[in-house]
Number of protein chains: 2
Amino acid sequence: MDTSQLLKGVLDLAVLAVLRDEDGYGYDVLRRLRAGGMGEVGDASVYGTLRRLYKAGLLTSYVVPSDEGPHRKYYGMNDAGRERLVESEKAWRAFQETLDAILRKGAVA
Amino acid sequence: MDTSQLLKGVLDLAVLAVLRDEDGYGYDVLRRLRAGGMGEVGDASVYGTLRRLYKAGLLTSYVVPSDEGPHRKYYGMNDAGRERLVESEKAWRAFQETLDAILRKGAVA
DNA sequence: CGCGGTACTGCGCTTTGCGCAATAGTGTTC
DNA sequence: GAACACTATTGCGCAAAGCGCAGTACCGCG
């Protein structure tokens with residue numbers, strides 16, 4: 001079973017959701033997602049997604065040196081990110097419903 | 001908004017679902033999916049998926065000449081396909097719930 | 001001093017959906 | 001009857017995104 005393909009296009013959404021209420025750095029975002037049930041998500045995927053979202057102007061970023069370990073690159077939401085989160089969530093819900101409908105009725109006949 | 005990424009790993013499931021009750025040929029499967037709400041799905045994606053599933057041993061295939069147009073390549077389910085459908089559906093439901101939970105609570109805090 | 005946990009970057013691979021062109025048969029319209 | 005539109009399939013090459021893995025680096029502990 002390849003859960004990884006299901007993540008495509010949805011990891012963005014998950015990452016944004018996890019950052020909605022509180023800023024977080026990569027490693028922490030990874031932990032939040034895993035704690036939330038996404039045990040299969042790879043670390044590189046999360047770091048990549050964060051960079052992608054930042055580059056797209058949806059996140060802010062600032063580095064904080066840590067006393068107990070390497071520096072941490074925090075990411076936080078801005079207005080564009082919040083807007084995107086709402087849109088993506090809507091798209092997700094619509095898609096979900098569409099697929100569920102198809103699963104329910106099988107062939108339209 | 002890029003709905004296409006949401007399809008990844010799920011188009012298989014949709015195609016199998018649509019073939020569950022009745023055999024169908026590519027063009028028809030495409031129509032069923034579009035009628036079911038997947039207006040954005042590309043024809044090449046469906047043909048590709050059918051070939052992939054067939055190659056994976058999940059579908060049977062037979063060609064039927066048509067009186068009114070080109071020949072049609074029908075696809076039908078076999079036991080492996082049916083089994084896969086059930087599994088994939090289960091995986092989909094689980095994934096759905098996981099993501100919804102993350103969307104609900106945001107940061108685990 | 002090496003080992004394990006924390007934390008990030010970069011590289012290359014794979015899967016998969018997509019656009020587009022080509023091929024081909026049929027019916028319609030001007 | 002030539003052009004066009006719809007049906008129906010194949011193949012090619014592209015792009016997006018998740019992943020594994022290696023490398024770097026910093027810390028504390030035994």
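Residue numbering restarts at 1 for every chain, and letters A, B, ... go by the order of the sequence lines. From a predicted model like this one, the values you see are computed outputs, not experimental measurements.
The CG atom of Asp43(A) sits 10 Å away from the C1' atom of dC8(C) (whole-angstrom rounding). Between the NZ atom of Lys55(B) and the C1' atom of dT10(D) there is a distance of 14 Å, given to the nearest Å. Rounded to a whole Å, the CZ atom of Arg72(B) is 14 Å from the C1' atom of dA24(C). One atom, CG of Asp12(A), and another, C1' of dG18(D), lie 11 Å apart when rounded to the nearest Å. For the pair Tyr62(A) OH and dC8(C) C1', the computed distance is 17 Å after rounding to whole Å. Between Leu7(A) atom CG and dT16(C) atom P the separation is 14 Å, expressed in whole Å. Rounded to whole Å, the distance from OH on Tyr27(A) to P on dC27(D) is 17 Å. Taking atom CG of Asp28(A) as the reference point, atom P of dG5(C) lies 18 Å away to the nearest angstrom.
Mapped onto DNA chain D by nearest heavy atom, Gly69(B) and Glu40(A) fall at different nucleotides, with Gly69(B) at the one closer to the 5' end. Mapping Tyr25(A) and Gln5(B) onto DNA chain C via the closest heavy atom, the residue that lands nearer the 5' end is Tyr25(A). Between Ser66(A) and Leu11(A), the residue whose closest nucleotide on DNA chain D is further toward the 5' end is Leu11(A).
One hydrophobic cluster, built from ILVMFWY side chains closer than 4.5 Å, cannot hold both Leu33(A) and Tyr25(A); they sit in different ones.
Lys73(B) comes within 4.0 angstrom of the backbone, heavy atoms only, and of no base. Note on Thr49(B): only backbone sugar-phosphate atoms sit closer than 4.0 angstrom, heavy atoms only; bases stay farther off. Nucleic acid contact for Asp67(A): sugar-phosphate only, since backbone atoms but no base atoms lie under 4.0 Å from a heavy atom of the residue. Gly9(B) comes within contact range of the sugar-phosphate backbone alone, with a heavy-atom separation under 4.0 Å but no base atom that close. Contacts of Val46(A) with the nucleic acid, taken as non-hydrogen atoms under 4.0 Å apart, are absent.
Checked against salt bridge (charged side-chain N to carboxylate O under 4.0 Å, His left out), Glu89(A) has the following partners two or more places apart in sequence or in another chain: Arg93(A).
Ion pair Arg52(B)/Asp12(B) flagged as a salt bridge, since at least one NZ, NE, NH1 or NH2 atom sits closer than 4.0 Å to an Asp/Glu carboxylate oxygen. In summary, Arg32(B) and Asp28(B) engage in a salt bridge, as defined by a charged side-chain N under 4.0 Å from a carboxylate O.
Taking side-chain N and O atoms only, Arg52(B) has a distance below 4.0 Å to OP1 or OP2 of dT16(C). Distances shorter than 4.0 Å separate none of the side-chain N or O atoms of Tyr47(A) from OP1 or OP2 on dT9(C). One finds a side-chain N or O of Arg31(A) lying less than 4.0 angstrom from the OP1 or OP2 phosphate oxygen of dA7(C). Between Arg51(B) and the phosphate of dT9(D), there is no side-chain N or O to OP1/OP2 separation shorter than 4.0 Å.
With dG18(D), dG11(D), dG10(C) as the candidates, the nucleotide lying closest to the side chain of Lys8(A) is dG18(D). Closest to the Ser4(B) side chain, of the nucleotides dT16(C), dC18(C), dA16(D), is dC18(C). Looking at the side chain of His71(B), the nearest of the listed nucleotides dC26(D), dT9(D), dG20(D) is dT9(D). Closest to the side chain of Pro70(A), out of dC18(C), dA25(D), dT10(D), is dA25(D).
At most 12 heavy atoms of other shown residues, nucleotides or ligands fall within 6.0 angstrom of atom OH in Tyr54(B).
The shortest distance between side-chain heavy atoms of Leu53(A) and Thr49(A) falls below 4.5 Å.
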